[in-house]
There are 2 protein chains.
Amino acid sequence: MDRGIEKLARVFKVLGDYNRLGIVMVISKASRTVTDIINTTGMSQTLVSFHLRALRKAKIVTTRREGPFIYYSLVNPSLMDIIDELSHAISNSDPDKENVPETVSSRGW
Amino acid sequence: MDRGIEKLARVFKVLGDYNRLGIVMVISKASRTVTDIINTTGMSQTLVSFHLRALRKAKIVTTRREGPFIYYSLVNPSLMDIIDELSHAISNSDPDKENVPETVSSRGW
DNA sequence: ATATCATATGAGTAAGCGCTCATATGTGCC
DNA sequence: GGCACATATGAGCGCTTACTCATATGATAT
């Protein structure tokens, strides 16, 4: 069992969830409060907290407390670039959708 | 539900398995026979086939038949670069291992 | 101290996932 | 055709995962 690959696979797995990926995108530009994430994504408080725990455990996000608020941000901001690259890579290589592929980072988040 | 993100999450999820990630790495340099993959990874034939199905369905790999052999290769070879980038990104950003982090692509595969 | 807002946690559940076993399909050779 | 090799497939099973509910913790203000 290669430890490096195992760890890498774990990061992929954590990112391999629609809601979690959404959270990562929300906090990718700037650090965000949990309430921010709740409002932007529309998920329930508990669900957001649940996924944030997974992202914390995988060391993908960090927290900074500021009064009653907790700000979440990416441990490594370049992660978002990698996500974007992957997004491009997959939209280039499957032609079974006819509309122009929307880049992930082109949304309002 | 954003379709682009959903699809991206699905690719992440498929890559988020130790065995599958191993297969991707095996075939990343050059296309490989199923038997090659079996021998290189040490997995059982059924298990390799099982994971190859998932990788096919996610359009991460393609096949080319040559006689009785089926060669598997990455649909988009740049995927391996992205995997490597992510590998570096995570090994840079957690200092709780003291030994020099081994790059994924530095193994013999 | 109590109330309120912000966030986290533990238990429970249903669905999904990884794996194995047995078997099927496909290809080339005799 | 029949055999050997290469690969795929369907069913079944246990473990993990995503989610919700209820509740707990932490911070601030009154």
Side-chain angles (χ1 to χ4, degrees), chain A residues 1-2 5-27 30-74, chain B residues 1-2 5-27 30-74:
Chain A
M1 266 288 218
D2 186 297
I5 298 185
E6 196 186 2
K7 194 173 182 179
L8 184 54
R10 185 143 193 296
V11 171
F12 269 115
K13 181 169 295 181
V14 173
L15 292 176
D17 176 88
Y18 180 81
N19 287 328
R20 235 135 44 201
L21 202 48
I23 291 176
V24 167
M25 288 167 179
V26 169
I27 69 175
S31 61
R32 294 284 194 152
T33 285
V34 177
T35 306
D36 281 348
I37 300 172
I38 293 170
N39 293 332
T40 319
T41 63
M43 304 186 224
S44 75
Q45 185 267 316
T46 330
L47 185 55
V48 168
S49 215
F50 170 79
H51 284 304
L52 285 176
R53 172 164 34 174
L55 289 166
R56 256 183 288 137
K57 196 176 169 196
K59 302 222 178 98
I60 293 174
V61 303
T62 344
T63 60
R64 154 183 49 109
R65 175 145 231 153
E66 203 151 312
F69 301 100
I70 299 184
Y71 285 84
Y72 276 81
S73 54
L74 296 184
Chain B
M1 268 285 222
D2 187 297
I5 298 185
E6 197 186 0
K7 195 174 182 177
L8 183 56
R10 185 145 189 294
V11 171
F12 270 114
K13 182 171 294 182
V14 173
L15 293 175
D17 177 87
Y18 179 81
N19 286 328
R20 237 138 41 202
L21 203 48
I23 292 176
V24 167
M25 288 168 179
V26 169
I27 69 176
S31 61
R32 293 285 192 150
T33 286
V34 177
T35 305
D36 282 347
I37 300 172
I38 292 170
N39 293 332
T40 319
T41 63
M43 304 185 224
S44 74
Q45 184 268 315
T46 330
L47 185 54
V48 168
S49 215
F50 170 80
H51 284 305
L52 284 176
R53 172 164 34 174
L55 289 166
R56 257 183 288 137
K57 196 175 170 195
K59 302 223 179 96
I60 293 174
V61 303
T62 345
T63 61
R64 156 183 48 108
R65 174 145 232 154
E66 204 150 310
F69 301 99
I70 298 185
Y71 284 84
Y72 276 80
S73 54
L74 296 184

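Keep in mind the model is a prediction, meaning the values are calculated, not measured. By convention in this document, chain letters (A, B, ...) are assigned in the order of the sequence lines, proteins followed by strands, and residues within each chain are numbered from 1.
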By nearest atom, which of the nucleotides C:dT7, C:dA6, C:dT9 is closest to the A:Arg56 side chain? C:dT9
For the student: nearest non-hydrogen atoms of B:Ile37 and B:Arg32, plus distance: CG1-CB, 4.2 Å
Which residue lies toward the 5' end of DNA chain D, A:Gly16 or B:Tyr72, if each is placed at its nearest nucleotide? B:Tyr72
Under 4.0 Å, heavy atoms only, any strand: does A:Tyr71 hit a base, just the sugar-phosphate, or nothing? nothing
Give A:Ser49 one of three labels, base, sugar-phosphate or nothing, depending on what nucleic acid heavy atoms sit under 4.0 Å from its own. base
Could you work out which one of C:dC19, D:dA18, C:dG10 sits closest to the side chain of A:Arg53? C:dG10
Please figure out whether B:Gln45 or B:Phe50 has its closest DNA chain C nucleotide nearer the 5' end. B:Phe50
From the options C:dA8, C:dG18, D:dT20, select the nucleotide whose nearest atom is closest to the side chain of A:Ser44. D:dT20
Any non-hydrogen side-chain atom of A:Ile23 less than 4.5 Å from a side-chain atom of A:Leu52? yes
Of the candidate nucleotides D:dA18, C:dG28, D:dA8, which contains the atom at the shortest distance from the side chain of A:Arg20? D:dA18
Heavy-atom side-chain contact between A:Tyr18 and B:Asp2 under 4.5 Å: yes
Validation row: A:Lys59, A:Arg10 side chains within 4.5 angstrom (heavy atoms): no
